[in-house]
Amino acid sequence: MRMISFFFCVFFLASCWPKKPYLEQQYKKVLGWIPVYGADTAYKKLTYHSSPKPMTKAGKIYVMGTTIYQNDIGKGIHVINNSTPSSARRTAFLELPGNTEMAVKGNIMYANNYNDLVLIDLNNATKPVVIKRLVNMFASYNAQKPYAWQAPPDSGYYECPRFYNDSIIVKWVKDSVYQSCYKF
């Protein structure tokens, strides 16, 4: 009987102890990043824009004659006219989501499109054509899906991605998240 009353007293008194500070902060809302999902096949599209787009995150550069190709990390490739080097200007944009690398040999551009290796024919500068797609060529680098590499745009709190079978992260948006979410 004494043992039961001892446990009852300990249990009763323990419920009156103040909460630990980290538990109180765990549920506060803060500004953070939330992933936006899209269809799994949506990223496999190469789109040519005849008007230039603003550079967001400059990447590698490749020069082919008087044309310069420059990565915009995660978005695609800028086409820059360098016929007059003192006044080089962006003339077009190849939208290739998830692109981080590229190389050119002859008139063929080799670029990644998330996990896929894409071969693009550059013979007609205004109509680049995907001539071959090697699916999951970079699967060992990027284990499961294309969304694995795409982290939120800047530091702070973010909501953990949910791993749906038929979707990828197409972008991140600022919204309120619980402070208990991950921080980087």
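Side chains included, hydrogens not; waters and symmetry mates left out as well; all remaining heavy atoms used.
- Here the CG-CD distance, from Asp175 to Glu159, works out to 9.0 Å after rounding to the nearest 0.5 Å.
- Under the 4.5 Å side-chain criterion, counting only non-hydrogen atoms from C-beta, Pro52 is not in contact with His78.
- Evaluation of the ring pair (Phe, Tyr, Trp, His ring centres under 6.0 Å) rule for Tyr48 yields no partner, not counting sequence neighbours.
- Considering only heavy atoms from C-beta on, Lys174 comes within 4.5 Å of Leu31 through its side chain.
- For the residue pair Arg90 and Pro54, the shortest heavy atom distance occurs at NH2-CA, 4.0 Å.
- Counting heavy atoms from C-beta on, the side chains of Ile80 and Thr91 never come closer than 4.5 Å.
- Taking CD of Glu95 as the reference point, atom NE2 of His49 lies at 4.0 Å (rounded to 0.5 Å).
- A 4.5 Å side-chain heavy-atom check between Ile77 and Gln70 finds every atom pair outside the cut-off.
- Nearest heavy atom pair, residue Gly98 against residue Asn112, reads O-ND2, 3.3 Å.
- In this structure, Leu122 and Pro128 approach most closely via the heavy-atom pair CD2-CB, 4.3 Å.
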Per-pair distances, 0.1 Å, donor-acceptor, side chain in residues 102-110, under 3.5 Å, sequence neighbours excluded:
{"unit_1": "Asn107", "atom_1": "ND2", "unit_2": "Asn123", "atom_2": "OD1", "d": "2.6"}

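- Using a 4.5 Å heavy-atom cutoff, the side chains of Ile131 and Ile120 are not in contact.
- Side chain of Asn124 to main chain of Thr126: a donor-acceptor pair is present (N/O by atom type, distance under 3.5 Å, no hydrogens or angles).
- Residues Pro97 and Asn113 approach most closely at O-ND2, 2.6 Å, considering heavy atoms.
- Taking 4.5 Å as the limit, some side-chain heavy atom of Val79 sits within range of a side-chain heavy atom of Tyr69.
- Nearest heavy atom pair, residue Val177 against residue Gly32, reads CG2-CA, 3.9 Å.
- By the criterion of side-chain heavy atoms lying less than 4.5 angstrom apart, applied directly or through intervening Ile, Leu, Val, Met, Phe, Trp or Tyr residues, Met64 is grouped together with Leu96 in one hydrophobic cluster.
- Between the CZ atom in Phe93 and the OG atom in Ser50 there is a gap of 13.0 Å [rounded to 0.5 Å].
- Residues Asn82 and Thr67 have side chains that never bring a donor and an acceptor to within less than 3.5 angstrom of each other.
- In terms of modelled atom types and a separation under 3.5 Å, the side chain of Asn99 and the main chain of Glu101 share a donor-acceptor contact.
- Taking hydrophobic clusters as Ile, Leu, Val, Met, Phe, Trp and Tyr residues chained together by side-chain heavy-atom distances below 4.5 Å, Leu117 does not share a cluster with Val135.
- Residues passing the side chain to side chain contact (heavy atoms under 4.5 Å, CB included) test with Thr56, sequence neighbours excluded: Asp72, Lys75.
- Judged by distance alone, with hydrogens and angles left aside, the side-chain atoms of Asp116 form no donor-acceptor pair with the main-chain N or O of Val118 at under 3.5 Å.
- Between Lys127 atom NZ and Asp121 atom CG the span is 13.0 Å, to the nearest 0.5 Å.
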